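Since the model is a prediction, treat every value here as computed from it, not as a measurement. The first residue of the sequence shown is numbered 1, and numbering continues consecutively from there.
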Amino acid sequence: MGPYSVDLRQRIVDAYRNGEGSMREIAARFAVVLSTVQEYLSLERSTGSVAPRPHGGGRASKIDDARAQQLRALVDEKNDRTLDELIELLEHRTGARVSRPTMCRALMRLGLTRKKRRYVQANRTGPMSKSRVGGSAAERGRRVRVG
């Protein structure tokens with residue numbers, strides 16, 4: 001669930017500032033937990049606003065733009081390498097050791113697929129006629145007399 005709306009946050013703070021109840025009563029009235037009311041009051045005191053803080057971000061990917069170009073070059077050289085081979089080669093070229101899921105996500109971001117077509121050698125005898133394909137008459141789609 002995302003953050004509560006700024007409107008609800010402001011109504012909670014205003015209700016407390018206007019003395020419409022204790023923090024616990026305000027929390028019950030707006031169906032939020034006590035710590036939410038406390039957080040909104042603290043947020044308004046420190047920033048002057050009840051707007052949610054920006055997301056803190058996350059961990060930066062080990063495969064930045066430069067390494068992504070190296071990865072693309074590795075795939076262009078030979079496109080049927082396994083994830084493990086790509087991991088080893090990328091580490092050798094850039095010094096960055098990544099996990100298999102990280103490698104898979106990087107390939108998806110680059111628009112590269114890991115699924116390759118299977119190339120099967122053609123049958124020398126060619127396709128068989130319909131009368132010789134399948135097992136029983138029922139499997140071939142013919143009517144079978146029972147009884």
Side-chain angles (χ1 to χ4, degrees), residues 1-18 20-136 138-142:
M1 184 175 151
Y4 287 116
S5 69
V6 175
D7 176 57
L8 175 63
R9 291 166 174 248
Q10 193 62 56
R11 286 188 290 137
I12 290 171
V13 170
D14 289 344
Y16 182 75
R17 297 272 184 240
N18 294 334
E20 296 176 19
S22 67
M23 284 189 204
R24 288 183 197 280
E25 292 168 345
I26 300 291
R29 176 174 153 197
F30 288 98
V32 296
V33 295
L34 175 63
S35 62
T36 300
V37 177
Q38 293 169 338
E39 174 64 24
Y40 294 162
L41 292 169
S42 172
L43 183 62
E44 197 219 13
R45 256 184 262 117
S46 63
T47 65
S49 171
V50 292
R53 292 183 184 105
H55 187 271
R59 188 175 208 170
S61 176
K62 285 186 178 181
I63 301 179
D64 56 7
D65 292 336
R67 289 182 179 137
Q69 293 310 315
Q70 290 283 332
L71 178 59
R72 184 177 292 281
L74 285 171
V75 173
D76 288 344
E77 287 171 13
K78 184 178 174 189
N79 71 352
D80 64 344
R81 289 189 168 117
T82 65
L83 286 175
D84 292 329
E85 289 173 336
L86 288 171
I87 290 168
E88 292 297 324
L89 289 168
L90 188 67
E91 181 181 19
H92 179 70
R93 285 193 182 183
T94 66
R97 178 78 178 172
V98 298
S99 66
R100 294 181 89 214
T102 299
M103 179 60 71
C104 192
R105 285 189 299 268
L107 291 171
M108 284 191 298
R109 275 195 306 271
L110 292 172
L112 303 172
T113 178
R114 293 298 310 144
K115 295 214 176 209
K116 304 298 174 193
R117 288 189 185 149
R118 288 185 167 213
Y119 293 101
V120 180
Q121 186 175 4
N123 189 347
R124 289 184 188 194
T125 60
M128 298 175 69
S129 66
K130 288 186 179 181
S131 63
R132 297 187 57 164
V133 176
S136 67
E139 289 176 277
R140 291 191 304 269
R142 294 186 185 160

Rounded to the nearest 0.5 Å, how far apart are CG of Leu110 and CD of Gln69?
-> 7.0 Å
Going by atom types alone, do Arg105 and Thr102 pair a side-chain donor with an acceptor below 3.5 Å?
-> yes
Main-chain N/O of Gln38 paired to Ser42 side chain as donor or acceptor, under 3.5 Å | no
Where do Tyr16 and Tyr40 land on the side chain to side chain contact (heavy atoms under 4.5 Å, CB included) test, with the steps shown first?
-> CA-CA 10 Å; Tyr16 182 75; Tyr40 294 162; over 6 Å; no
Shortest non-hydrogen contact from Met23 toward Leu34 | CB-CD1, 3.5 Å
For residues Leu71 and Met103, report the shortest heavy-atom separation together with the two atoms involved.
-> CD1-SD, 3.6 Å
Measure from the side-chain N and O atoms of Asn79 to the backbone N and O of Val75, and report whether any donor-acceptor pair falls under 3.5 Å.
-> no
Pairwise salt bridge (Lys or Arg N to Asp or Glu O under 4.0 Å) hits with a residue in residues 47-70, at least two apart | Glu39-Arg53
Distance, nearest 0.5 Å, that separates CZ of Arg11 from CG of Asn18 = 13.5 Å
Would you say Glu20 and Glu25 make side-chain contact, with heavy atoms under 4.5 Å?
-> no
Can a salt bridge be assigned to the pair Asp76 and Arg72 using a cut-off of 4.0 Å between side-chain N and carboxylate O?
-> no
With Val50 as partner, the option from Leu41, Ile12, Val13 fulfilling side-chain contact (heavy atoms from CB on, under 4.5 Å) is Val13
Side-chain heavy-atom pair Gln70, Leu74 within 4.5 angstrom cut-off = no
Indicate yes or no: at least one non-hydrogen side-chain atom of Pro52 is less than 4.5 angstrom from one of Leu43.
-> no
Ser49 meets the side-chain contact (heavy atoms from CB on, under 4.5 Å) criterion, sequence neighbours left out, with Thr47, Ala51
Do Leu90 and Ile63 have side chains that get closer than 4.5 Å, going by heavy atoms?
-> yes
Sequence neighbours left out, what passes side-chain contact (heavy atoms from CB on, under 4.5 Å) with Arg97? Give chain and number order.
-> Ile87, Glu88, Glu91
Please test Arg17 against Glu44 for salt bridge (Lys or Arg N to Asp or Glu O under 4.0 Å), starting from the C-alpha separation and ending with a verdict.
-> CA-CA 11 Å; Arg17 297 272 184 240; Glu44 197 219 13; 2.9 Å; yes
With side chains defined as the heavy atoms from C-beta onward, is the minimum distance between Arg9 and Thr36 less than 4.5 Å?
-> no
